[in-house]
Amino acid sequence: MESQPAQQAILQKITLGDLELPNRVVVAALGRGRADHEARAPTDLHAQFYSNRASAGLIITECSAISQDGDSYLGSSNIYSEEQIQGWKKVVDAVHEKGGRIFLQIWHGGRTAHPDRNGGHIPLSSSPVAVVGGGNTLPGVVPKEATLEDIKTVQENFKRAAQNAKDAGFDGVEIHGAHGYIIDQFLRDGVNQRTDSYGGSVENRARFLLETVKEVLTVFTPQRVGVKFSPMNTFHTMSDSDPAALYSYVLQELSKLNIGFVEITEGFSFDSQVHQEAKDKFFQERTEKSVRELLKPHFTSGLYITNQGYTIESGNQAIESGQADLVSFGALFCANDNLVERIENGLTLNALSNVKDPEVRGKYLYSHLPDGYTDVSVYEAKE
Ligand SMILES: Cc1cc2nc3c(=O)[nH]c(=O)nc-3n(C[C@H](O)[C@H](O)[C@H](O)COP(=O)(O)O)c2cc1C
């Protein structure tokens with residue numbers, strides 16, 4: 001028998017360190033390109049967007065660049081200038097006023113950054129291997145292989161960004177280790193070709209991440225820090241020869257640091273339903289387990305947030321089966337600001353089945369306008 005809406009697993013409360021989360025519905029990071037291209041600071045529109053989602057157990061913000069050179073997108077809302085900190089403060093205050101909890105996703109784009117968008121800097125990466133575009137990323141610039149000094153600088157910038165986030169009032173931070181950005185570029189051997197202590201073995205490739213987390217832990221207590229990964233995702237031409245070994249190790253090491261959560265994007269790409277259906281099959285053929293079945297047992301210090309392609313039903317199942325503690329939603333939170341209330345009341349959800357429609361992308365997902373951002377009615381399913 002179907003459970004009553006209010007008794008669903010996804011609506012049960014849970015604790016993240018000393019934070020009480022009233023439900024297990026998480027707003028996944030959603031970069032929507034609404035910031036001014038010069039200031040790259042959040043505005044009142046951002047405050048409205050995030051506070052409209054304050055009933056979620058946890059909000060994770062869009063990716064926020066820790067330094068200008070690491071920015072890959074026009075319209076990002078970053079965290080290295082005073083104006084940006086003040087802009088985020090308004091967002092945080094608006095969410096807190098409505099009783100919500102909000103973590104800033106701190107991010108460096110690595111080789112996905114582009115001189116046309118990052119103040120003219122040659123992008124940095126683990127190795128001089130160019131990205132072949134993807135999403136809103138410009139293709140083509142061969143990145144500079146980060147020197148040991150560059151590595152230290154990026155890690156210090158992550159720490160500074162965490163401090164700026166704290167100053168803005170954020171409850172914590174999520175370090176962006178997914179989707180082909182700089183941390184991912186060190187982790188996965190499809191890009192990382194280094195022969196020093198940051199390349200080669202799984203332990204060496206994880207070093208950049210683990211040192212970065214330790215820097216951030218000098219600012220926030222461990223349970224206020226999470227990391228996002230995408231072990232299988234080929235977005236930004238990423239790959240790894242043995243994701244099961246890599247991410248098992250990474251999660252074990254992060255557990256030793258006692259961090260609060262990991263968020264794991266499961267799919268191959270963001271392109272289609274096909275990938276969502278294929279994702280578990282691919283992984284199971286190699287490991288006999290789904291991504292979450294394989295990885296969750298390795299993370300013992302906090303909460304496991306599963307992501308990508310979930311419906312409310314499959315999210316409930318993942319939690320009920322013990323394979324996840326929470327579920328984060330991207331597309332569904334673009335289309336439904338009041339997602340939690342809709343789940344509670346068993347209401348129909350707006351669909352975002354048209355997320356790849358170029359018209360929707362240009363006009364609503366990444367435009368400068370409130371349309372499709374703080375007014376989600378435009379996302380009613382087209383079919
Ligand atoms: C418009 C849009 C913007 C996104 N921006 C980010 C981002 O800034 N950081 C990030 O980690 N993921 C980002 N993602 C990915 C989502 O957080 C999420 O991982 C992905 O949409 C899969 O979840 P879903 O199937 O529930 O949508 C974005 C996705 C969309 C649709």
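For ligands, and for the atoms within them, numbers begin at 1 and follow the listed sequence. All residue numbers refer to positions in the sequence shown, counting from 1.
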Asks: Within ligand 1, which atoms have a heavy atom of Thr265 less than 4.0 Å away?
Replies: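 Those qualifying, in numeric order: 19 (O).
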
Asks: Could you tell me, atom by atom, which parts of ligand 1 come under 4.0 Å of a heavy atom of Ala331?
Replies: 24 (P), 26 (O), 27 (O)

Asks: Out of all atoms in ligand 1, which are within 4.0 Å of some heavy atom of Gln105? Include the element for each.
Replies: 7 (C), 8 (O), 9 (N), 10 (C), 11 (O)

Asks: Which ILVMFWY residues can you reach from Ile305 by hopping between side chains whose heavy atoms are under 4.5 Å apart?
Replies: Ile14, Leu16, Leu19, Leu21, Val26, Leu58, Ile60, Phe103, Phe261, Leu303, Leu326

Asks: Between Asn307 and ligand 1, find which residue part has any heavy-atom pair under 4.0 Å and reply side chain, backbone, both or neither.
Replies: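 The answer is the side chain of Asn307.
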
Asks: Between the side chains of Asp71 and Ser76, does any donor sit under 3.5 Å from an acceptor?
Replies: yes

Asks: Over all heavy atoms of both residues, which pair between His179 and His236 is shortest? Give the atoms and the distance, please.
Replies: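 Looking at all heavy atoms of both residues, the closest pair is O-ND1, 2.8 Å.
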
Asks: Is the distance between the ring centroids of Phe299 and Tyr304 under 6.0 Å?
Replies: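 Distance test on ring centres: not under 6.0 Å, no.
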
Asks: For atom 8 (O) of ligand 1, which candidate among Cys63, Ser328, Ala335 holds the nearest heavy atom?
Replies: Cys63

Asks: Would you check whether Arg32 has a nitrogen or oxygen atom less than 3.5 angstrom from a nitrogen or oxygen atom of ligand 1?
Replies: no

Asks: Side chains of Ser64 and Gln105 only: does a donor on one sit below 3.5 Å from an acceptor on the other?
Replies: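 Side-chain D/A pair, Ser64 to Gln105: absent.
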
Asks: Going by the order shown, which atoms of ligand 1 are within less than 4.0 Å of some heavy atom of His179?
Replies: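 With His179 as reference, the close atoms of ligand 1 come out as 10 (C), 11 (O), 12 (N), 15 (C), 19 (O).
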
Asks: So if I count the atoms of ligand 1 from 1 in the order they appear, which ones are less than 4.0 Å from some heavy atom of Gln308?
Replies: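 In order of numbering, the contacting atoms are 22 (C), 23 (O), 25 (O).
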
Asks: Which atoms of ligand 1 sit under 4.0 Å from any heavy atom of Gly309?
Replies: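 Contacts of ligand 1 toward Gly309, numbered from 1: 24 (P), 25 (O).
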
Asks: With nothing but distance in play, are any N or O atoms of Gly330 less than 3.5 Å from an N or O of ligand 1?
Replies: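 Yes.
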
Asks: Quick one: which ligand 1 atoms are inside 4.0 Å of a heavy atom on Phe329?
Replies: 26 (O)

Asks: Provide the number and element of each atom of ligand 1 under 4.0 Å from a heavy atom of Ala28.
Replies: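 Near Ala28, meaning under 4.0 Å from one of its heavy atoms, ligand 1 has 17 (O).
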
Asks: Side-chain heavy atoms under 4.5 Å apart, restricted to Ile/Leu/Val/Met/Phe/Trp/Tyr: what other residues fall into the cluster of Ile122, or is it alone?
Replies: none

Asks: With heavy-atom distances below 4.5 Å as the criterion, would you say the side chains of Leu254 and Phe229 are in contact?
Replies: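 Side-chain contact under 4.5 Å: yes.
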
Asks: Would you check, one step at a time, whether the test side chain to side chain donor-acceptor pair (under 3.5 Å) holds for Asn307 with Thr265?
Replies: CA-CA 5 Å; Asn307 174 250; Thr265 303; 3.2 Å; yes

Asks: Between Ser55 and Glu341, do the side chains contain a donor N or O and an acceptor N or O under 3.5 Å apart?
Replies: yes

Asks: Taking distance alone, with no angle check, do His176 and ligand 1 share an N/O pair under 3.5 Å?
Replies: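 Such a contact does occur with ligand 1.
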
